[in-house]
Amino acid sequence: MAHSVADVDRKEFRCLVADDSAFARKNIAQVLEKLGGSVVGEASNGLEALALYGTLHPDLVLLDITMPQLDGVETLRQIIEQDKNARVIMVSSIGHKEMVWKAICLGAKSFVTKPYDPDYAGMIIQEVVGKNGGE
Amino acid sequence: MRYEYIDPFVTTTIRVLDSAIPGNIRRGDVTVLQGDRMKGDVAVLVRITGDAEGDIILSMDTATALKVCASLLREDFAIMTPRSVDALMEVANMITGNAVSALNDQGFDFVVSPPVVLTRDDGRKQRPDVESLQIPLFSEYGEMVMNVVLGSD
């Protein structure tokens with residue numbers, strides 16, 4: 001069982017990171033890269049995230065809940081409409097239980113709150129992506 | 001102002017800052033002030049609505065802001081840039097989001113707006129008619145001040 005980011009199996013997977021903060025995108029990208037993930041796209045709002053999902057078909061999406069133009073929950077809903085097998089992890093500094101529940105019901109695989117512990121976030125990402133990485 | 005709102009903001013601020021910019025963050029004595037005010041040249045403001053309405057303002061002088069951003073982004077800044085402003089906003093977002101979550105878990109219902117970074121040049125008018133709590137935060141980067149202005153309707 002992996003106990004830290006350094007311990008997890010490194011299988012390659014392609015990620016789309018959506019957050020209106022460049023700083024936040026950089027932080028999560030560092031965790032992803034340590035796990036063998038590559039950030040193939042970055043979006044600063046929900047509309048961009050939707051467009052990029054459609055063209056990139058990433059293995060994993062890290063999706064901030066609070067974003068301009070189209071919030072994370074609505075973006076999630078539309079991604080799932082496009083691809084019911086999409087693997088999306090919601091990210092937020094706000095841990096509203098209702099919001100978490102709504103996102104999970106819509107099809108998000110998991111939820112991480114900011115500031116996140118890199119080892120915990122790594123564990124969640126690894127669980128969602130699975131040991132087969134991008135397969 | 002209901003003082004039970006305040007502690008989650010203070011404890012969350014210290015926890016988030018300690019995690020984002022480890023630097024021996026220590027809280028000073030809380031004082032009640034008439035009016036809301038920025039201390040220094042740079043402030044991040046977050047508006048709260050819901051069971052109470054008001055603002056959370058985290059302010060500091062430019063030198064402190066630059067050191068905080070340098071720690072966050074692991075590079076030196078001579079002036080505030082869009083990248084450094086973005087990093088400050090994200091830290092404020094995490095502080096407020098986590099504090100509001102703690103309050104909402106207690107049964108309150110608050111909503112947080114996206115943070116805004118202000119400088120003295122923005123000409124924000126201070127409001128002398130409101131009561132605020134001022135919480136100084138000391139660190140190796142310099143002093144920051146959290147100003148909490150929250151009231152019930």
Side-chain angles (χ1 to χ4, degrees), chain A residues 4-5 17-31 33-34 42-49 62-75 89-104 110-122, chain B residues 8-9 11-22 25 44 46-51 56 68-75 77 80-117:
Chain A
S4 76
V5 168
V17 177
D19 195 306
D20 55 339
S21 165
F23 172 65
R25 294 196 303 268
K26 180 187 163 189
N27 276 349
I28 197 68
Q30 287 171 349
V31 176
E33 282 157 14
K34 281 185 183 166
E42 291 190 26
S44 59
N45 63 63
L47 289 176
E48 277 179 24
L62 278 298
L63 188 56
D64 187 28
I65 283 199
T66 313
M67 285 192 294
Q69 300 204 31
L70 195 67
D71 70 25
V73 174
E74 180 57 26
T75 304
I89 296 174
M90 307 303 290
V91 181
S92 181
S93 58
I94 304 173
H96 282 278
K97 292 188 175 81
E98 285 173 17
M99 203 177 290
V100 174
W101 182 240
K102 187 175 181 181
I104 299 295
S110 194
F111 192 103
V112 177
T113 52
K114 296 188 276 189
Y116 46 79
D117 175 84
D119 291 335
Y120 178 75
Chain B
F9 282 102
T11 52
T12 303
T13 298
I14 294 173
R15 177 169 60 81
V16 170
L17 286 177
D18 246 347
S19 130
I21 49 163
I25 314 287
V44 187
V46 179
R47 179 133 289 170
I48 308 286
T49 55
D51 281 353
I56 311 295
V68 168
C69 293
S71 179
L72 286 169
L73 292 161
R74 295 195 176 88
E75 63 181 87
F77 290 90
M80 293 299 289
T81 65
R83 275 189 73 231
S84 55
V85 165
D86 170 75
L88 275 185
M89 284 170 61
E90 179 63 9
V91 169
N93 205 29
M94 289 193 285
I95 290 169
T96 322
N98 276 255
V100 163
S101 287
L103 285 165
N104 288 347
D105 284 346
Q106 292 175 36
F108 294 107
D109 183 17
F110 289 116
V111 177
V112 179
S113 72
V116 173
V117 172

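Numbers restart at 1 for each chain; the letters A, B, ... are given by sequence-line order, proteins then strands. This structure is a prediction, so every number in the text was calculated from the model and none was measured.
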Which region of A/Asp20, side chain (C-beta onward) or backbone (N, CA, C, O), has a non-hydrogen atom less than 4.5 Å from a non-hydrogen atom of chain B, or is it both or neither?
backbone

Does either side chain, that of B/Asn98 or that of A/Ser93, offer a donor lying less than 3.5 Å from an acceptor on the other one?
no

Nearest heavy-atom pair of B/Val44 and B/Pro115: which atoms, and what distance?
CG1-CB, 3.8 Å

So what's closer than 4.5 Å to chain A heavy atoms on B/Met89: side chain, backbone, both or neither?
neither

Side chain, backbone, both or neither: which part of B/Ile95 has a non-hydrogen atom closer than 4.5 Å to chain A?
neither

I'd like to know if A/Lys26 pairs up with B/Asp86 as an ion pair, taking the criterion as any Lys NZ or Arg NE/NH1/NH2 lying under 4.0 Å from an Asp or Glu carboxylate oxygen.
no

Closest approach of A/Phe111 to A/Ile65 (non-hydrogen atoms, all atoms of both residues)
CE1-CD1, 3.4 Å

Between B/Ala87 and chain A, with a heavy-atom cut-off of 4.5 Å, which part of the residue counts as in contact: side chain, backbone, both or neither?
both

